[in-house]
Asks: 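Structure incoming, see below.
All figures in this text were calculated on a predicted structure; none of them were measured in a lab.
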Protein chains: 2
Amino acid sequence: MLDVAATASVSVATVSAVVNGTAPVSPELRGRIEDAIAAIGYKRNAIARSLKTGATKTIGLVIADITNPFFTDVVAVIQDVLHRAGYAMMLCCTDEDPEQQEEQISLLLDRMVDGLIIAPAGDDHALERVLKRAGIPTVLIDRINHGIAADAVVLDNQRAVLDAIDYLVGLGHLRIGYISGSHDTSTGLGRLAGYRGALENAGIPYDDALVRIGNFREKDAYHAAMQLLVMPDRPSAIFSANNLMVIGVMKAIRDMGLRCPDDISVSSFDDFPWADVFQPSLTTIAQPVQAIGEHAAQLILERLATRMDRPPRQIVLSGRLMIRSSCRPFYGADRSTVA
Amino acid sequence: MLDVAATASVSVATVSAVVNGTAPVSPELRGRIEDAIAAIGYKRNAIARSLKTGATKTIGLVIADITNPFFTDVVAVIQDVLHRAGYAMMLCCTDEDPEQQEEQISLLLDRMVDGLIIAPAGDDHALERVLKRAGIPTVLIDRINHGIAADAVVLDNQRAVLDAIDYLVGLGHLRIGYISGSHDTSTGLGRLAGYRGALENAGIPYDDALVRIGNFREKDAYHAAMQLLVMPDRPSAIFSANNLMVIGVMKAIRDMGLRCPDDISVSSFDDFPWADVFQPSLTTIAQPVQAIGEHAAQLILERLATRMDRPPRQIVLSGRLMIRSSCRPFYGADRSTVA
DNA sequence: AAAGCTAATCTAAACGTTTCAATTTTGTCA
DNA sequence: TGACAAAATTGAAACGTTTAGATTAGCTTT
């Protein structure tokens with residue numbers, strides 16, 4: 001910039017003025033400066049700028065697992081609207097581990113991101129503490145964390161699962177296995193609550209033996225499903241609390257020599273783009289990923305634009321049950337064992 | 001840092017020395033400084049540091065589509081090893097559009113990333129120019145761009161597709177449809193070359209009508225596949241040049257009221273984690289995503305560490321044909337139309 | 001005890017911007 | 001023409017680090 005100023009024989013202040021359009025400058029100087037910029041090939045140094053202005057025009061995104069299509073769908077739309085607003089995005093994955101999460105957030109904070117969008121892992125008070133100290137706009141997505149007063153966009157998980165289980169009950173299923181997510185996430189808990197609620201509504205007693213924790217991971221879910229499948233009176237249907245886990249469930253079913261939906265019905269949270277071209281065609285709960293991403297990005301941009309602190313806003317969206325062919329009516333134990 | 005220096009009554013230089021461990025400092029001062037740091041809750045400002053040192057400890061990652069499982073798998077491992085080395089990652093998507101690509105790279109360059117990992121879109125000379133001017137370590141992944149002399153890690157696409165088509169030919173298929181990726185990417189071209197090579201080896205004449213461009217996108221591939229399926233003498237097998245497109249192909253097959261593999265065989269580039277639990281169980285070419293990610297990260301880290309400019313290194317890995325059940329032997333037109 | 005070393009510490013100048021306050025230029029009006 | 005206001009331009013001080021090079025302190029050596 002000094003070079004530009006020199007070649008155009010003006011002061012750096014004037015160059016800055018034309019580069020940023022922050023002050024009026026005569027057409028003549030503007031011309032000289034623009035020529036100089038073109039001649040030198042000058043590009044403003046965003047680091048120096050950030051140091052002075054205190055804003056990096058970058059926001060940090062912390063999710064559990066970039067390999068999970070749900071997250072990537074959401075990330076894609078967030079990235080899109082953020083980029084349109086001139087913001088870059090730094091992406092970190094926690095692998096569902098609160099320790100890694102703290103480390104990653106620290107990495108982002110070091111680099112002075114202007115804001116944070118987080119799908120929190122775990123529910124201890126560490127995150128709360130870290131965020132309070134960071135003091136930058138934060139929006140929680142997918143999950144909310146106890147005690148953190150921040151903008152958030154989440155799903156009505158309980159309602160969504162309740163509908164899905166309701167559907168299974170309506171099909172005649174009484175023993176419904178449930179592969180649960182981590183119980184220290186709001187999603188894990190909310191979805192489980194939906195399961196319990198649906199059973200209660202239907203007057204079916206809750207059986208602890210039917211719910212197994214899969215930690216939102218395929219591998220854990222595989223073992224969890226196995227435990228369900230070897231039971232003498234195995235469930236006639238299994239619901240999986242997310243997309244990764246349902247793959248594990250399907251593998252367990254295959255490895256036990258069973259077939260879906262003939263021998264056992266399966267349903268899960270999160271939809272797949274390929275769900276209706278492969279068999280069994282899974283009945284799932286589709287999340288409005290587009291809306292989630294847009295709202296999240298919008299919320300943070302809003303906070304960033306107006307530093308006013310209106311009370312945190314929490315946006316709750318609804319899932320949609322996509323009924324396909326992975327669930328069959330169930331008429332009782334005798335027929336089911338024959339299949 | 002001045003605050004810390006003040007409370008410990010030492011100079012900022014000494015504080016810097018203990019924070020970075022760059023110079024010996026007596027145990028006494030070190031103690032005082034560490035106490036002061038703890039008391040104040042001081043955290044070093046990475047922006048200021050970057051301004052001075054010229055390094056941001058951040059590398060930019062530019063891919064076509066974060067929604068594509070192949071890319072996310074690779075990104076996940078890159079992120080992992082980069083993070084282990086103290087680097088953060090800024091992620092951008094080009095949506096296969098060279099213009100967006102230029103914009104995104106500019107965004108990253110503005111923020112002074114130390115290095116770039118790119119899966120290039122298009123093959124004009126714009127990218128070459130931009131990278132030359134940027135003058136930072138760059139490694140190309142998945143695709144290489146004509147004229148760019150940079151480290152790269154790619155697949156032997158030609159060989160991989162050749163094997164897959166070979167397999168189809170071995171099954172008796174003579175009319176094999178091919179849904180191609182963009183012809184201005186090295187992957188699109190390389191894979192197509194594999195197709196042609198296999199036909200040539202088998203003495204099957206190349207028929208232009210059987211190859212349709214799907215641009216690596218599901219939607220485009222759907223229409224491309226449709227064109228193939230409405231042909232009076234439609235192909236008995238279709239190969240799709242990537243994962244996104246094969247979904248489009250399957251949808252087209254379904255919408256035409258056909259079944260795979262009964263009416264038509266299907267195979268594609270890129271594997272799916274769920275491929276062997278859903279029907280049809282796709283025969284695919286699995287890419288070594290772990291190795292791709294590790295090599296890419298390693299290459300850039302190496303360049304970053306030793307500024308020496310050894311000639312660009314190009315790592316070529318091999319795909320693996322995963323034979324499943326989406327391809328059937330083909331005995332001739334008469335049997336195939338009956339199915 | 002003075003000189004000469006070494007090790008520890010400090011001073012101050014960068015890095016490339018932004019921005020406030022001060023200065024110069026231009027224009028208007030009496 | 002001079003006075004004054006408005007507009008355009010500039011000087012210089014930040015922002016929070018790092019890092020030469022200067023300085024000081026603490027030893028040894030003769």
Asks: For the side chain of Tyr42(B), counting heavy atoms from C-beta on, which of dT17(C), dT17(D), dT11(C) is nearest?
Replies: dT17(D)
Asks: What integer distance in Å separates Ile47(B):CD1 from dG16(D):P?
Replies: 12 Å
Asks: Can you tell if the side chain of Pro137(A) reaches within under 4.5 Å of the side chain of Leu116(A), non-hydrogen atoms only?
Replies: no
Asks: Distance check: side-chain N/O of Ser26(B) vs OP1/OP2 of dA7(C), anything under 4.0 Å?
Replies: no
Asks: Is any side-chain N or O of Thr14(B) closer than 4.0 Å to OP1 or OP2 of dC10(C)?
Replies: yes
Asks: dA14(D) P sits how many Å from Leu51(A) CG, rounded?
Replies: 14 Å
Asks: Nearest whole angstrom, please: distance from the C1' of dT17(C) to the CZ of Arg111(B).
Replies: 15 Å
Asks: Could you check Lys43(A) against Asp110(B) for salt bridge (charged side-chain N to carboxylate O under 4.0 Å, His left out), going step by step and ending with a plain yes or no?
Replies: CA-CA 8 Å; Lys43(A) 290 215 71 185; Asp110(B) 274 359; 3.1 Å; yes
Asks: I need the CG-P distance between Leu2(B) and dA12(C), as an integer number of Å.
Replies: 14 Å
Asks: Please pick, from dT9(C), dA12(D), dG16(C), the nucleotide with the shortest atom-to-atom distance to any side-chain atom of Asn45(A).
Replies: dG16(C)
Asks: Reckon Thr53(A) has a side-chain N or O less than 4.0 Å from the OP1 or OP2 of dT18(C)?
Replies: no
Asks: Do the non-hydrogen side-chain atoms of Ile144(B) and Ile148(B) ever get within less than 4.5 Å of each other?
Replies: no
Asks: With the side chain of Lys52(A) defined as its heavy atoms from C-beta on, choose the nearest nucleotide among dC15(D), dA12(D), dT18(D).
Replies: dC15(D)
Asks: Contact class for Leu29(A) (heavy atom, under 4.0 Å): base, sugar-phosphate, or nothing?
Replies: sugar-phosphate
Asks: Given dG16(C), dT9(C), dT19(D), identify the nucleotide with an atom nearest to the side chain of Ala13(B).
Replies: dT19(D)
Asks: Taking the side chain of Arg49(B) as heavy atoms from C-beta outward, which of dT17(D), dT9(C), dG16(C) is closest to it?
Replies: dT17(D)
Asks: In this structure, how many angstroms lie between the P atom of dG16(D) and the CG atom of Asp110(A), rounded?
Replies: 15 Å
Asks: Does the side chain of Arg32(B) come within less than 4.5 Å of Ser26(B)'s, by heavy atoms?
Replies: no
Asks: Rounding to an integer number of Å, can you tell me how far Glu28(A) CD sits from dA7(D) P?
Replies: 19 Å
Asks: In whole Å, I'd like the distance from the CZ atom of Arg32(A) to the C1' atom of dT10(D).
Replies: 13 Å
Asks: Would you say Ser16(B) reaches dT17(D)'s phosphate, i.e. side-chain N/O to OP1/OP2 under 4.0 Å?
Replies: no
Asks: With respect to the side chain of Val12(B), which nucleotide from dA12(C), dC10(C), dA8(C) is positioned closest?
Replies: dA12(C)
Asks: Rounded to the nearest angstrom, tell me the gap between atom NZ in Lys57(B) and atom C1' in dT17(D).
Replies: 16 Å
Asks: Would Arg111(A) and Thr58(B) count as having a side-chain donor-acceptor pair, cut-off 3.5 Å?
Replies: yes
